[in-house]
Amino acid sequence: MSTREAATPLLPGDPPGGRRAIAVWSIGVSVYFVAVIFRTSLGVAGLDAADRFDVNASALSTFSILQLLVYAGMQIPVGLLVDRLGTKRVLTMGVVLFTLGQLGFAFSTSYGSALASRALLGCGDALTFISVLRLGTRWFPARRGPLVAQLAGLVGMAGNLVSTLVLARLLHGLGWTTAFAGSALCGVLVLVLLLLFLRDHPEGFAPEPASHRGAAFVRRQIAASWREPGTRLGLWVHFTTQFPAMFFLLLWGLPFLVEAQGMSRGGAGTLLTLVVLSNMAVGLVYGQVIARHQNARMPIALGTVASSALLWAAVLAWPGAHAPLWLLIVLCAALGACGPASMIGFDFSRPANPPERQGTASGIVNMGGFVASMTTLFLVGVLLDLTGDNYRVAFCALFFLQALGLSQILRLRGRAARREDERLVASRVETVHVPV
C-alpha cells in the first residue's frame, strides 16, 4: 500500500465532525439542493420555453449558456469571497439572487427578460457549491473530505430529480407561471433556515484572519492556487468528466430523446430520471472508494471518460433512425457516473492547497466542467441550426472537448502525484513533531 492509500489520521487543527457538524452542513447542502432545482428547471421546460418565447435552437441554448457563463465566470471571485467573508454571508447572497431569478423567470413574457432572469439565477447559483465545500472542510476532518464532497453532489442530484419528476408535472399541470413561481418558495424556506441556524465553523476552530486585502492579495491567492499541479489537474478532471451528462440534463436531453429518438415525453423523462438516480448511486460508491483508496481517483476518472465516450459513439453511430432502447438505457445509466467523477477534481485540489486557499482553489476547479458544458451547449445549438436539427452531427462536438480534457489530464497527472506525495510526507513529519 502506498502512502496515499494509507488511512489518514486526525490531523492537528482538524474539526471533530459529529452530529452538530452534520446538522449545520445539512442546512448548507439544502441551499445547494434548491439551487440545483432552479438550475436544472429549464431541462424539463426546454420545449415549452421554445414555444413560450418563440425561439429556435440557438436562442434556446442561450438560456443555459448565459446561466453557465455567469456561473463559470464567478467561480474564482466566489472562492475569494468565501475565503474572505465566510460561508454564511456568501450563501445568503446566493439564496436571495437565485430566488429572485427563478421568480423573474416565472413571470417573464419576453425573451430578453427571461434571459436576464436566468443570468440572475446563475449568479446566485454560482455562490452555493463552493460555499458548501468550504463548509464541509470547516466542520469535518480532512479524511472525510472525499465522502462529504460526494454526498454534497448527491444531494444536488436529488435536486435534479425534483426538477425531472415534480417540476415537470407541475409545469404541465399548472402552467408556466404557477410552476416556476411556486418553486421559488423553496428559496424563501432555505433562506430562513440559513439565517437562523447556519454557522461558519465550530467553536474554537475559527480560521486565521487574512492579513492582507486588496488586488495584490487576490492576485497572490489565485497565482498560488494555480501554480499547484493538483489544482490544474482538478480543473481538467472536472472539465472532462462533467459535461457529457451536464449538457444532456440541462437542455438537450429531452429534445434529443423526443425529436431524434422518437420517444414520448414520458419515456424521455424516465431516462432523464435514470441519469439522476444512477448519479446518486454511483456518488455513494465513488465517495466510499476514494475515501479509503486515494490512488483510485485517476482510474475512476479515466474510466468514466472512456465509458461515456464509447457509449455516446455507439448511440450516435447506430445504423437506422433510432438507437435501440436498451442502448439508450445503458447510456443514461453510464452518464450518471459523470457527476460523481467530476467531484474527484476537488480531491486533487484539496490536498494541494492550504486551508486559507481552499475556496479559491475550489473555484478554479469548479470552472472546468461548467466551461465545458457551456461550450457544448453553444456548439450543439449552432450545429443543430446549421444541419437542420441533425442531432448525430451536433452531438459529435462533445468528442472534441473530451479529447482536449484528456490530453491535459495525462500531461498533469504525474506532476500532481509527485507534489501530493511530497506534501503528505511533510504533513506527517509535522504531525509527529507536534508538542503534546
Side-chain angles (χ1 to χ4, degrees), residues 15 17 20-40 71-72 74-99 121-142 144-160 162 186-187 189-191 193-195 197-202 205 207 234 238 242 279-280 283-284 287 339-340 342-347 349-350 353 355 357-367 369-370:
R20 180 166 171 75
I22 294 173
V24 173
W25 179 79
S26 297
I27 295 170
V29 171
S30 69
V31 175
Y32 178 55
F33 172 78
V34 175
V36 173
I37 294 176
F38 293 178
R39 178 201 303 169
T40 58
Y71 186 104
M74 286 188 63
Q75 286 310 291
I76 293 178
V78 168
L80 292 165
L81 279 175
V82 172
D83 286 338
R84 180 172 179 175
L85 300 179
T87 299
K88 185 170 185 174
R89 293 179 182 177
V90 177
L91 279 179
T92 300
M93 291 187 288
V95 175
V96 171
L97 291 173
F98 68 58
T99 301
L121 193 157
C123 183
D125 184 16
L127 297 170
T128 58
F129 187 63
I130 299 303
S131 301
V132 171
L133 288 181
R134 174 62 176 263
L135 193 66
T137 63
R138 290 302 182 192
W139 280 90
F140 293 96
R144 301 296 185 194
L147 182 58
V148 169
Q150 288 287 357
L151 288 174
L154 186 151
V155 173
M157 289 309 297
N160 199 330
V162 170
C186 296
L189 175 61
V190 294
L191 177 61
L193 294 174
L194 168 65
L195 293 175
F197 301 112
L198 191 131
R199 299 292 181 270
D200 283 343
H201 49 76
F205 289 88
H238 198 270
Q242 187 193 58
N279 184 297
M280 297 171 71
L284 287 174
S342 72
M343 300 298 295
I344 297 173
F346 300 102
D347 295 324
S349 71
R350 190 182 301 110
N353 293 274
R357 285 207 312 264
Q358 287 295 323
T360 305
S362 295
I364 292 172
V365 171
N366 208 34
M367 286 178 60
F370 290 94

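Being a predicted model, the structure only gives us computed values, none of them experimental.
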| message | Can you give me the closest heavy-atom contact between Gln75 and Ala126, atom names plus distance? | response | NE2-O, 3.4 Å
| remark: The side-chain contact (heavy atoms from CB on, under 4.5 Å) partners of Gln358 (sequence neighbours excluded) come to Arg350, Asn353
| Interatomic distance, Phe140 atom CZ to Ile22 atom CD1 [nearest 0.5 angstrom] | 5.5 Å
| query | About how many Å separate CG of Leu189 and CG of Leu194, when rounded to the nearest 0.5 Å? | reply | 11.0 Å
| query | Ser342: what forms a side-chain contact (heavy atoms from CB on, under 4.5 Å) with it, not counting sequence neighbours? | reply | His238, Thr241, Gln242
| request: Determine the minimum heavy-atom distance between Val29 and Val155, stating which atoms define it. | output: CG1-CG1, 3.0 Å
| field | Closest non-hydrogen atom pair, Gly363 against Ile130 | value | N-CD1, 3.7 Å
| Taking only residues two or more places apart in sequence, or in another chain, which ones meet Ser131 in a side-chain hydrogen bond (donor to acceptor under 3.5 Å, both in side chains)? | none
| request: For Tyr71, enumerate each residue passing the side-chain hydrogen bond (donor to acceptor under 3.5 Å, both in side chains) test, keeping only those at least two apart in sequence or located in another chain. | output: Asn366
| request: Compare all side-chain heavy atoms of Val31 with those of Val132 and state whether any distance is below 4.5 angstrom. | output: no
| Taking only residues two or more places apart in sequence or in another chain, which ones pass ring pair (Phe, Tyr, Trp, His ring centres under 6.0 Å) with Tyr32? | Phe129
| note | Of all heavy-atom pairs linking Trp25 and Ala152, the shortest is CZ2-N, 3.9 Å
| Which residue pairs satisfy the salt bridge (charged side-chain N to carboxylate O under 4.0 Å, His left out) criterion with at least one member in residues 87-97, sequence neighbours excluded? | none
| 4.5 Å side-chain heavy-atom contact, Leu91 and Leu198 | yes
| Over all atoms of both residues, closest heavy-atom pair of Ala149 and Met343 | O-CE, 3.0 Å
| Considering residues at least two apart in sequence or located in another chain, which fulfil the side-chain contact (heavy atoms from CB on, under 4.5 Å) criterion with Val34? | Phe38, Phe98, Cys186, Val190
| said: To check you understand the geometry: which heavy-atom pair defines the closest contact between Gly136 and Val148, and what is its length? | reply: CA-CG1, 4.2 Å
| task | Could you walk me through whether Leu191 and Thr99 pass the side-chain contact (heavy atoms from CB on, under 4.5 Å) test, one step at a time? | result | CA-CA 10 Å; Leu191 177 61; Thr99 301; over 6 Å; no
| Arg134 and Asp83 ion-paired at < 4.0 Å | yes
| said: With rounding to the nearest 0.5 angstrom, report the CE to CG distance, Met280 to Leu151. | reply: 10.5 Å
| task | Return the set of residues passing side-chain hydrogen bond (donor to acceptor under 3.5 Å, both in side chains) with Thr87 (not counting sequence neighbours), or none when no residue passes. | result | none
| task | To the nearest 0.5 angstrom, please state how far the CD1 atom of Ile76 sits from the CG atom of Leu81. | result | 12.5 Å
| said: Suppose we screen for side-chain contact (heavy atoms from CB on, under 4.5 Å). Which residues come up paired with Met93, at least two apart in sequence or across chains? | reply: Leu85, Val90, Leu127
| About how many Å separate SG of Cys123 and CG of Leu97, when rounded to the nearest 0.5 Å? | 5.0 Å
| query | If you measure from CD1 on Ile27 to CZ on Phe33, what distance do you get to the nearest 0.5 Å? | reply | 15.0 Å
